[in-house]
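Report on the structure given below.
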Amino acid sequence: MENKPKKQASAEPPYKLLSLRTGKPKDWAAGIPAVVHSIKSLINDKTLTRGGKALFKMNQFDGFDCPSCGWPDPDDERSPIAEYCENGAKALAEEATSKRITADFFKQNSVYDLSQLTDYEIGHLGRLSEPMYLPKDGTHYEPISWDNAFSKIAEHLNKLESPNNAAFYTSGRTSNEASFVYQLFVREFGTNNFPDCSNMCHETSGFTLAQTTGIGKGTATLNDFYDTDIVIIIGQNPGTNSPRMLSALEKGKKNGAKIIAINPLPEAGLMGFRDPQKVNGILGKGVQLADLYLPVKINGDLALLKAIEQLLLYFEKETPGKVFDQDFIKNKTVGYEELIKQVENYDLEELAKASGVLLEDIRKAAEMLAYKNRIIICWGMGLTQQPNGVDILKEVLNLLFLKGSIGKPGAGSCPVRGHSNVQGNRTMLINNHPSQEQLDKLEEVFGFNPPRENGYDVVDTIKAMNEGKIKVHFSMGGNFLSATPDTTYTANGLRQLDLSVSVSTKLNRTHLIHGKESIILPTISRSETDIINDELQHVSTENAMGIVEWSRGMLQPISDKLINETHIVCRMAKATLGNKSVVDWNRYMNSYDAVRDDIEKCIPGFENYNVRVKQKGGFYLPNGAREGSFKTKEFGDRVPFSITKLPQNTLADDEYLMATVRTHDQFNTTIYGLDDRYRGVYNERRVIFMNKKDIEKAGFKTGDKVDLFNYDNNTERVAPLFIIVEYPIPEKNTVTYFPETNVLVSIHNVVAGSNMPASKHVKIKVRKHNPDTLTN
Ligand SMILES: Nc1nc2c(c(=O)[nH]1)N[C@H]1C(S)=C(S)[C@@H](COP(=O)(O)OP(=O)(O)OC[C@H]3O[C@@H](n4cnc5c(=O)[nH]c(N)nc54)[C@H](O)[C@@H]3O)O[C@H]1N2
Ligand SMILES: Nc1nc2c(c(=O)[nH]1)N[C@H]1C(S)=C(S)[C@@H](COP(=O)(O)OP(=O)(O)OC[C@H]3O[C@@H](n4cnc5c(=O)[nH]c(N)nc54)[C@H](O)[C@@H]3O)O[C@H]1N2
Ligand SMILES: [Mo]
């Protein structure tokens with residue numbers, strides 16, 4: 001086997017179909033099936049004892065933060081038995097599995113062989129249990145000692161012409177402590193090349209909010225949901241991606257709130273909820289969630305928001321001062337007159353047409369909003385991953401500002417974050433465009449001169465790898481190859497590296513599409529104990545609403561050869577920088593209290609960190625916008641109304657817009673299972689949702705096998721072998737699952753301003769399946 005000629009590993013999962021079953025999409029989420037599925041995933045993954053025990057500590061005051069999404073935990077009543085949801089249980093089952101991958105397994109399976117497995121199969125091989133090294137021209141990963149792994153990394157980093165020839169990726173699970181030491185090492189080494197998962201996720205939100213409110217974070221807190229008038233959920237699928245948000249919505253509804261859902265798909269979690277943690281949720285009918293559902297076209301949101309604003313303006317003229325918050329507008333904003341001039345001049349019918357929503361339904365939304373001013377707007381990837389996502393979010397803020405719905409209780413902006421510590425990573429300065437003040441502070445506290453120029457984000461890192469400008473790529477968690485766009489191009493970039501390194505809990509495709517040499521460093525997971533000098537350590541994370549909280553694992557690590565992320569960084573720093581370093585890495589290795597003490601010195605809001613983080617429920621980071629005190633660069637203590645431009649969404653007759661989304665059975669690139677239960681899709685991921693009329697017009701029928709393709713910059717991109725599923729989705733719109741269709745997301749298809757891949761706005765064509773395309 002060792003002598004077989006080396007075959008190129010596959011950058012995509014195999015193009016093979018399972019056996020699709022379909023049912024009716026659900027109109028409510030959770031309930032008994034969610035409980036059953038939570039337990040089933042623990043059994044399937046051979047985790048019942050490990051995982052079952054851990055489940056009761058998840059999100060408890062003395063437990064660990066759920067490794068799934070960033071939705072906050074209630075600060076008063078937490079379920080004494082278990083504060084988790086179905087997808088939290090699945091995330092835990094994935095990481096708490098008792099299966100593991102050993103050196104022997106890598107000896108028996110070449111990189112090429114592993115690449116022939118599906119992502120589901122790769123994920124279910126178990127946890128990585130010791131450091132592995134793939135030598136130049138090697139076909140199999142081999143075991144390597146930790147010391148040798150760090151020496152190899154140091155050797156590669158130190159021979160680079162410039163520190164800017166390396167890039168350091170971060171996914172969103174890394175704790176505050178590990179993130180802080182990571183950025184410190186990378187900056188002392190000399191680069192700001194920090195691509196991170198935010199660059200594919202909420203960069204658009206951070207970018208827009210910083211410009212318009214002075215802080216790149218949202219303002220609403222969990223308590224705001226409990227006492228508000230209206231919650232708008234736009235471009236977000238809470239039933240799958242932040243299921244505990246449904247409990248907050250239920251509580252809000254009980255107190256009189258109304259919900260407006262804006263989404264091309266009638267997602268189950270927008271329509272109804274049966275709380276699996278309550279008796280009435282299990283036995284009864286549950287609650288209806290959306291009071292009004294607007295089936296917007298993909299990218300029709302800007303037109304829709306403008307139409308709502310025009311109708312509100314009409315009501316405001318009828319009842320001056322009753323609809324818009326004129327005090328707020330006068331005292332806190334700039335640009336009101338210009339906005340009104342623009343909004344007045346649109347043709348309402350045309351706006352409705354561009355949005356895809358019936359005018360009478362838009363009118364209902366405006367009527368619901370007109371005389372209310374405690375409004376929360378939640379958004380997700382449906383808005384941030386649009387080419388004009390910055391403009392759409394500016395329009396969201398225009399609406400909040402018109403209503404004065406920001407900086408007061410029961411109101412505000414709520415970008416629903418993804419990974420459980422993605423917001424904390426940014427607060428800890430994992431940022432390719434840090435502010436000069438932040439860098440000054442690092443310089444003042446540590447005494448080295450941090451690099452001042454901006455570094456690469458994800459899209460620019462991929463381009464730089466392809467241009468030979470990046471030679472070493474280091475990943476702190478995540479799955480760079482599969483999460484990023486334009487899979488073939490990205491793989492081409494990764495293959496040109498001299499060295500790729502991944503700190504990971506589980507094997508994934510990024511380990512298989514590697515540089516000339518490659519290293520996998522296995523690490524402990526959030527649910528496992530982190531013991532240093534015989535003492536159990538706590539780490540901390542920041543949730544989507546800016547609360548920093550304690551997290552302490554409780555399971556025995558899956559292998560005694562794992563090292564925690566903070567130690568990995570410190571040992572890499574010592575090996576690379578040697579006695580040139582001005583940082584005392586041993587001090588950090590001895591106790592995380594020391595890391596937190598230094599975070600406190602560098603980052604505002606962390607005063608008395610070591611004391612406050614131990615308080616029950618943690619502490620809030622300062623957020624001026626939440627208190628109604630704004631500090632924008634351009635407008636001082638005022639917020640700007642923005643003038644945005646409607647997009648031209650012209651499509652050829654045979655062209656469709658495609659949004660790439662998550663199934664109910666995956667966490668980003670981790671595939672828990674093969675169903676998308678709420679959408680009625682079972683045992684298949686290679687499906688394309690299409691409107692009935694489009695299917696007929698194109699001469700297809702449900703169940704047909706098709707290939708998806710597009711052209712960009714003279715390149716044809718093809719995603720072969722998908723099955724058509726008829727779905728209630730607007731005409732000319734289609735939906736598929738990522739990562740299978742990332743191959744169609746061109747590296748040039750990005751969000752203006754935030755440079756994120758526009759993964760919800762991919763122009764595609766559909767043709768009858770041609771078996772010749774199955775060459776991967
Ligand atoms: N179980 C689970 N939980 C997760 C994740 C996971 O993969 N699995 N991922 C985590 C991460 S990192 C993130 S960022 C979040 C993501 O959570 P979401 O933001 O909910 O992400 P998506 O599943 O991509 O779906 C976004 C929604 O946008 C809708 N949409 C698409 N195009 C448009 C449009 O043009 N306009 C509007 N209004 N809507 C549109 C889609 O129909 C879909 O319902 O979830 C986090 N939580
Ligand atoms: N087409 C398309 N592409 C997308 C999206 C989309 O909607 N459409 N969404 C984008 C979004 S929102 C995001 S956030 C990115 C996600 O991008 P990533 O964060 O890079 O991807 P994940 O799939 O979350 O990473 C999973 C891997 O993380 C590792 N891991 C898990 N837990 C830990 C841990 O505790 N420590 C360490 N060191 N490693 C760990 C495991 O090895 C696992 O295989 O994908 C983006 N890509
Ligand atoms: Mo995300």
Side-chain angles (χ1 to χ4, degrees), residues 67-71 85-88 90-91 94-95 119 122-123 127-128 169-175 178 196-202 233-243 261-265 267 269-270 294 296-301 304 379-386 392 416-422 458 475-485 502-511 520-527 565 568 657 659-670 672 729 733 735-742 744-745 756-757 759-762:
S68 192
C69 75
W71 189 257
C85 69
E86 175 192 350
N87 278 342
K90 287 187 204 159
E94 278 284 323
E95 70 168 45
D119 293 342
I122 292 175
R127 285 281 299 280
L128 293 160
Y169 178 67
T170 317
S171 171
R173 282 198 190 170
T174 300
S175 66
D196 71 358
C197 72
S198 281
N199 300 148
M200 300 180 269
C201 183
H202 271 292
I233 306 169
I234 176 166
Q236 191 224 340
N237 181 18
T240 288
N241 297 323
S242 36
I262 304 176
N263 198 307
L265 303 182
E267 305 283 27
L270 296 172
L294 306 178
V296 70
K297 277 197 224 169
I298 292 176
N299 203 259
D301 303 85
L304 176 66
W379 68 84
M381 299 300 102
L383 300 195
T384 63
Q385 296 177 341
Q386 299 291 340
I392 304 177
V416 183
R417 300 276 165 179
H419 269 297
S420 49
N421 198 36
V422 61
V458 163
S475 286
M476 181 56 88
N479 183 357
F480 191 85
L481 168 83
S482 303
T484 53
S502 293
V503 179
S504 308
T505 49
K506 302 283 287 273
L507 188 70
N508 64 49
R509 207 166 284 278
T510 299
H511 307 131
I520 305 174
L521 303 177
T523 193
I524 61 166
S525 65
R526 183 93 46 87
S527 51
E565 291 178 344
I568 289 176
L657 272 184
T660 58
V661 304
R662 295 150 170 81
T663 69
H664 192 60
D665 258 2
Q666 73 185 85
F667 192 94
N668 301 336
T669 69
T670 298
Y672 300 142
I729 180 172
N733 285 185
V735 159
T736 57
Y737 304 139
F738 95 95
E740 283 80 355
T741 44
N742 279 18
L744 296 171
V745 185
M756 276 187 30
S759 317
K760 298 280 188 281
H761 191 277
V762 185

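Note that this is a predicted model, so its numbers are computed, not measured. One-based numbering, in listed order, for ligands and for the atoms of each. When a residue number appears, it is its place in the shown sequence, counting from 1.
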Residue Cys201 vicinity, atoms of ligand 2 by number, heavy atom under 4.0 Å: 12 (S), 14 (S)

Numbered atoms of ligand 2 (with element) below 4.0 Å of Met381, judged on heavy atoms: 12 (S)

Per-atom contacts, ligand 2 versus Val503 - under 4.0 Å to a heavy atom: 37 (C), 38 (N), 39 (N)

Numbering as shown, the atoms of ligand 2 that approach Asn508 to under 4.0 Å (heavy-atom distance): 27 (C), 42 (O), 43 (C), 44 (O)

Protein residue, atom and distance nearest to atom 9 (N) of ligand 2, heavy-atom basis: Arg662 NH2, 3.1 Å

Contacting atoms of ligand 2, where contact means under 4.0 angstrom from a heavy atom of His419: 14 (S), 19 (O), 24 (O)

Proximal atoms of ligand 2 relative to Tyr169 (non-hydrogen, under 4.0 Å): 17 (O), 18 (P), 19 (O), 20 (O)

Carboxylate-amine/guanidinium proximity below 4.0 Å for Glu94 and Arg127: no

Option set Asn421, Thr505, Val458, criterion heavy-atom distance to atom 33 (C) of ligand 2, minimum: Thr505

Glu267 contact mode with ligand 1 (heavy-atom cut-off under 4.0 Å): side chain

Numbering as shown, the atoms of ligand 2 that approach Glu565 to under 4.0 Å (heavy-atom distance): 34 (C), 36 (N), 37 (C), 38 (N)

Closest approach of any protein heavy atom to atom 3 (N) of ligand 2, naming residue and atom: Phe738 CD1, 3.3 Å

